[in-house]
Asker: 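The structure that follows is given in the form of structure tokens.
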Amino acid sequence: MRNLLSMLLVFSFLFTIGCDDDEATDETNPLVGVWNMTSLSFATGGATTTIDASAEFSIVIIFNEDGTFSNQGVMEGESHSESGTWSTSGNKLTVITEDVEEGTETEIWDYTVSGSSFSFTFTDTEDGETWTYTYNFTKG
């Protein structure tokens with residue numbers, strides 16, 4: 001009986017060691033997954049306009065664990081899709097796309113992820129005017 005009890009204790013100990021929590025060491029970037037645009041805001045000269053996602057404005061971005069991404073959607077009623085690679089450093093998201101007509105393009109955006117919400121912001125200057133764009137997404 002004592003040998004049986006000893007064997008059960010050893011087995012229990014070994015079983016406990018073999019059952020480490022795999023999620024505790026899971027270091028997947030929180031951006032990995034499918035993100036659906038909820039809104040787009042753009043600001044210039046102190047005025048901000050926000051547009052909710054609709055048939056005219058919608059984007060779905062997929063960030064893969066291997067550092068690749070793809071997105072597709074509609075902007076101002078025109079279909080759009082692209083793919084490339086992505087990486088993060090601090091609060092900066094770097095996306096690199098390759099377009100047949102435009103060649104390789106690298107963009108660096110400020111971004112935040114909080115739970116199931118993701119947003120990125122970038123600034124662009126057009127005709128001497130500075131525009132700030134913010135895209136908001138939910139994970140889904």
Asker: Let me know which of Trp131, Tyr111, Tyr133 forms a ring-ring contact (aromatic ring centres under 6.0 Å, His included) with Phe122.
Answerer: Tyr133

Asker: Tell me the closest heavy-atom pair linking Asn29 and Leu31, and the distance in Å.
Answerer: OD1-N, 2.8 Å

Asker: Looking at side-chain heavy atoms only, is the closest gap between Phe63 and Leu93 below 4.5 Å?
Answerer: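 Yes, their side chains come closer than 4.5 Å.
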
Asker: Checking Trp86 side chain against Thr68 main chain: does a donor-acceptor pair fall under 3.5 Å?
Answerer: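 Answer holds: yes.
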
Asker: Roughly how far apart are Leu40 CG and Glu76 CD, rounded to 0.5 Å?
Answerer: 9.0 Å

Asker: If hydrophobic clusters are built from ILVMFWY residues whose side chains come within less than 4.5 Å, do Val74 and Phe137 share one?
Answerer: no

Asker: Is the CD atom of Glu78 crowded by more than 12 outside heavy atoms at less than 6.0 Å?
Answerer: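 Counting other residues, nucleotides and ligands, CD of Glu78 stays at 12 neighbours or fewer.
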
Asker: Suppose we screen for salt bridge (charged side-chain N to carboxylate O under 4.0 Å, His left out). Which residues come up paired with Asp110, at least two apart in sequence or across chains?
Answerer: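 By the salt bridge (charged side-chain N to carboxylate O under 4.0 Å, His left out) rule, Asp110 matches Lys92.
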
Asker: Just verifying a value: how many Å separate Met75 CE and Ile51 CD1, rounded to the nearest 0.5 Å?
Answerer: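 Between atom CE of Met75 and atom CD1 of Ile51 there are 7.5 Å.
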
Asker: Hydrophobic clustering (ILVMFWY, side-chain heavy atoms < 4.5 Å, transitive) - are Ile96 and Ile62 grouped together?
Answerer: no

Asker: For the side chain of Asn64 and the backbone of Asp66, is there at least one donor-acceptor N/O pair under 3.5 Å apart?
Answerer: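 The answer is no, because no donor-acceptor pair under 3.5 Å joins these two groups.
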
Asker: Should Val60 and Met37 be regarded as members of a common hydrophobic cluster, given that ILVMFWY residues are connected when their side-chain heavy atoms come within less than 4.5 Å of each other, either directly or indirectly?
Answerer: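 No, because Val60 and Met37 fall into different hydrophobic clusters, even though each may have its own neighbours under 4.5 Å.
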
Asker: Other residues, nucleotides and ligands only: do more than 12 of their heavy atoms fall within 6.0 Å of CD on Glu82?
Answerer: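 More than 12 within 6.0 Å, yes.
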
Asker: The test is ring pair (Phe, Tyr, Trp, His ring centres under 6.0 Å); show your working for Phe118 and Trp35 and say whether it passes.
Answerer: CA-CA 8 Å; Phe118 157 59; Trp35 296 91; 5.3 Å; yes

Asker: Do you know the tightest heavy-atom contact between Val32 and Lys139?
Answerer: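 Residues Val32 and Lys139, closest heavy atoms: O-NZ, 2.8 Å.
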
Asker: Please identify each residue that fulfils ring pair (Phe, Tyr, Trp, His ring centres under 6.0 Å) with Tyr135, with sequence neighbours left out.
Answerer: Phe120

Asker: Donor-acceptor check, side chain of Thr132 to backbone of Ala43, threshold 3.5 angstrom: yes or no?
Answerer: no

Asker: Working to the nearest 0.5 Å, report the span between OG1 of Thr138 and CG of Asn36.
Answerer: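 Rounded to the nearest 0.5 Å, the OG1-CG separation comes to 5.5 Å.
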
Asker: Given the rule in the side-chain hydrogen bond (donor to acceptor under 3.5 Å, both in side chains) test, do Thr112 and Ser119 qualify, once you have shown the distances and angles that lead to the verdict?
Answerer: CA-CA 6 Å; Thr112 59; Ser119 65; 3.0 Å; yes

